[in-house]
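One structure below.
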Amino acid sequence: MFSLSTKFRWSSLLGIWLSAFCLHAQIEQTARWEIPVNQEGEVYKIAPADSLGVVAYSKNQGQGIDQIELIRLDTALREVWKGYINVEKFLVVSFAHVYQKKLLLLLSHSSNPLIGFLVVELNIHDGRYLTHAVKNIIPFKPTEFTATNGALLIGGYYNYRPLVLHYSLSKKQSKILPGFFYEPGEINQIKVNDDFSVDIIISANNQQKRKSLWLRNYNQDGDLLKTTVLEPQEKRSLLFGRSIKTTDNHMLVAGVYGRNTEYSRGIF
């Protein structure tokens, strides 16, 4: 009986010592950035900016006009600058995208997509910014947002049909990229290449009602250069695909396939 009791006490002491050791061995936090919680309950989101750190942003509601609060933090989480941008009510931040050391915020109307989009182009170094009013003659909710050299690309759907809006920053003009608006489909990818050309992959049914992949390549002005269709084998559907350009300027496409249009069965 004594030996069992002694063993139990030693096990308890060992467990306490290990717990104390684990607490002592926790990683020490070197830096942090704290956000005070207030009654309004603003929600902050983070846009990573590589070596420039991050930009935290939040949409704050006011009585007559709303504001976007922006805070740049360096890689050590030290505040570099802080500022506010006045925006009209009912505009919400749909996407944030960092391109060439600039933060691009896409704002859309919360209830009326016909009003168009507002894009804030912000210099991450010093906080200076420009705004671009992007006209939209076709009402659609944005689901994709990226940028190329001198242009913005906004993807979405109208009546279940994919489309991509191209906005020229120099000409201040917008247009729907050619090659869309025919059949229902899904946008798999909008990829900007090193030469500023754009590759867009759409998944849609072919004439045999099997999902195929349409690969379209555009130059930086939004002109269609090439269309390639990847057809599946018999009794198969290409459900999803992604592309990358190789060093010899070829396109490598990978994705998943299935026997129907919902469940994947393998990788191609």
Smallest separation among heavy atoms of Lys59 and Ile68, with atom names: CD-CG1, 4.0 Å

Closest contact, heavy atoms only, Pro232 versus Leu238: CB-CG, 3.8 Å

Pairing residues for Lys172 by the side chain to side chain donor-acceptor pair (under 3.5 Å) criterion, not counting sequence neighbours: His132

Results of side chain to side chain donor-acceptor pair (under 3.5 Å) for Gln189 - residues two or more places apart only: Ser243

Could you tell me if the side chain of [Y] sits less than 4.5 Å from the side chain of [X], heavy atoms only?
X: Leu105; Y: Ile85; answer: no
X: Ile71; Y: Glu79; answer: yes
X: Leu91; Y: Asp66; answer: no
X: Pro178; Y: Tyr218; answer: yes
X: Ile187; Y: Ile202; answer: yes
X: Leu152; Y: Leu169; answer: yes
X: Tyr99; Y: Thr146; answer: no
X: Lys89; Y: Ile65; answer: no

Look at the side-chain heavy atoms of Ile, Leu, Val, Met, Phe, Trp and Tyr, link any pair under 4.5 Å apart, and say whether [X] and [Y] land in one connected group.
X: Val98; Y: Tyr57; result: yes
X: Trp214; Y: Ile190; result: yes
X: Tyr167; Y: Val93; result: no
X: Val55; Y: Phe95; result: no

side-chain contact (heavy atoms from CB on, under 4.5 Å) partners of Ile115, counting only residues at least two apart: His109, Asn112

Sequence-distant partners of Thr143, side-chain contact (heavy atoms from CB on, under 4.5 Å), two or more places apart: Tyr157

Verdict with supporting geometry, Glu231 and Ser212, side-chain hydrogen bond (donor to acceptor under 3.5 Å, both in side chains): CA-CA 5 Å; Glu231 297 281 358; Ser212 305; 3.1 Å; yes

Check: [X] side chain, [Y] main-chain N or O, donor-acceptor pair, under 3.5 Å:
X: Asn193; Y: Asp195; value: no
X: Asn188; Y: Gly241; value: yes
X: Ser203; Y: Glu186; value: no
X: Asn123; Y: His125; value: yes
X: Ser58; Y: Val43; value: yes
X: Arg128; Y: Asp126; value: no

Asn217 CG to Leu225 CG distance, which is reported to the nearest 0.5 Å: 5.0 Å

Rounded distance (nearest 0.5 Å) linking atom CG of Asn60 with atom CD of Gln67: 7.0 Å

Would you find more than 12 non-hydrogen atoms of other residues, nucleotides or ligands less than 6.0 Å from [X] atom [atom1]?
X: Lys101; atom1: NZ; result: no
X: Gln233; atom1: CD; result: no
X: Leu77; atom1: CG; result: yes
X: Asp50; atom1: CG; result: no
X: Lys102; atom1: NZ; result: no

Derivation and outcome, side-chain contact (heavy atoms from CB on, under 4.5 Å), residues Asn149 and Gln100: CA-CA 9 Å; Asn149 189 33; Gln100 294 184 342; 4.3 Å; yes

Parallel, tilted or perpendicular: ring planes of Tyr44 versus Trp33, cut at 30 and 60 degrees: perpendicular

Non-neighbouring partners of Asp199 that pass salt bridge (charged side-chain N to carboxylate O under 4.0 Å, His left out), sequence neighbours left out: none

Set of residues satisfying ring pair (Phe, Tyr, Trp, His ring centres under 6.0 Å) with respect to Phe117, sequence neighbours excluded: Phe140

Residue pair Leu165, Ile176: steps toward the side-chain contact (heavy atoms from CB on, under 4.5 Å) verdict: CA-CA 5 Å; Leu165 181 70; Ile176 301 297; 3.7 Å; yes

CA sep, side-chain torsions, deciding dist, call: Arg72, Leu52, side-chain contact (heavy atoms from CB on, under 4.5 Å): CA-CA 9 Å; Arg72 181 198 163 189; Leu52 297 178; 3.9 Å; yes

Lys/Arg-Asp/Glu bridge criterion (N-O < 4.0 Å) met for Lys82, Glu69: yes

